[in-house]
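Here is the structure we will look at.
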Amino acid sequence: MARYTLRFDAEGPGPATQIVFEAPDAGGALVQAHREAQLHDHQPWQAELWEGERKLCSIMQPANDVRRASP
């Protein structure tokens, strides 16, 4: 299992938050990242998925509740 970090953008003047979790591969990490992000307090949200020092993608859920992932 590899360790991944989901880094949320800072909300207003508050600090950025992050969630660290393990997944078997990048695909599994993306699925887990979306699950973790649904529990995030702020809507809409934007985050980056990292494996160590390598950014895998950005994910977001805008106000209209449509999710996107991009490299």
Side-chain angles (χ1 to χ4, degrees):
M1 294 276 237
R3 181 167 287 187
Y4 297 89
T5 305
L6 182 60
R7 299 178 184 170
F8 289 94
D9 288 348
E11 304 290 337
T17 58
Q18 64 182 24
I19 299 169
V20 178
F21 59 93
E22 292 184 348
D25 55 27
L30 183 58
V31 170
Q32 183 66 25
H34 276 283
R35 287 184 189 140
E36 296 287 347
Q38 289 176 350
L39 303 174
H40 189 60
D41 293 337
H42 301 285
Q43 300 293 332
W45 53 263
Q46 183 169 347
E48 296 175 342
L49 180 60
W50 291 75
E51 180 181 17
E53 297 298 317
R54 184 172 67 122
K55 179 182 169 184
L56 299 178
C57 66
S58 296
I59 60 175
M60 68 177 176
Q61 182 174 11
N64 64 3
D65 200 35
V66 176
R67 295 184 196 155
R68 290 180 28 187
S70 62

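What's counted below: heavy atoms across the whole structure, side chains too, no hydrogens, waters or symmetry copies.
- When all heavy atoms of S58 and E48 are compared, the closest pair comes out as OG-CG, 3.9 Å.
- Across all non-hydrogen atoms, the minimal contact from G28 to A23 is C-CB, 3.9 Å.
- Atoms CD1 and CZ, from I19 and R35 in turn, are 13.5 Å apart once rounded to the nearest 0.5 Å.
- Linking Ile, Leu, Val, Met, Phe, Trp and Tyr residues whenever their side-chain heavy atoms come within less than 4.5 Å places F8 and I59 in a single cluster.
- Residues that satisfy the salt bridge (Lys or Arg N to Asp or Glu O under 4.0 Å) test with R7, not counting sequence neighbours, are absent from this structure.
- Grouping the Ile, Leu, Val, Met, Phe, Trp and Tyr side chains by contacts below 4.5 angstrom, directly or via other members, places L30 with L56.
- Of all heavy-atom pairs between F21 and L49, the closest is CZ-CD1, 3.9 Å.
- Distance check, rounded to the nearest 0.5 Å: CZ of R54 to OH of Y4 gives 7.5 Å.
- Taking OG1 of T5 as the reference point, atom CD of E36 lies at 11.5 Å (rounded to 0.5 Å).
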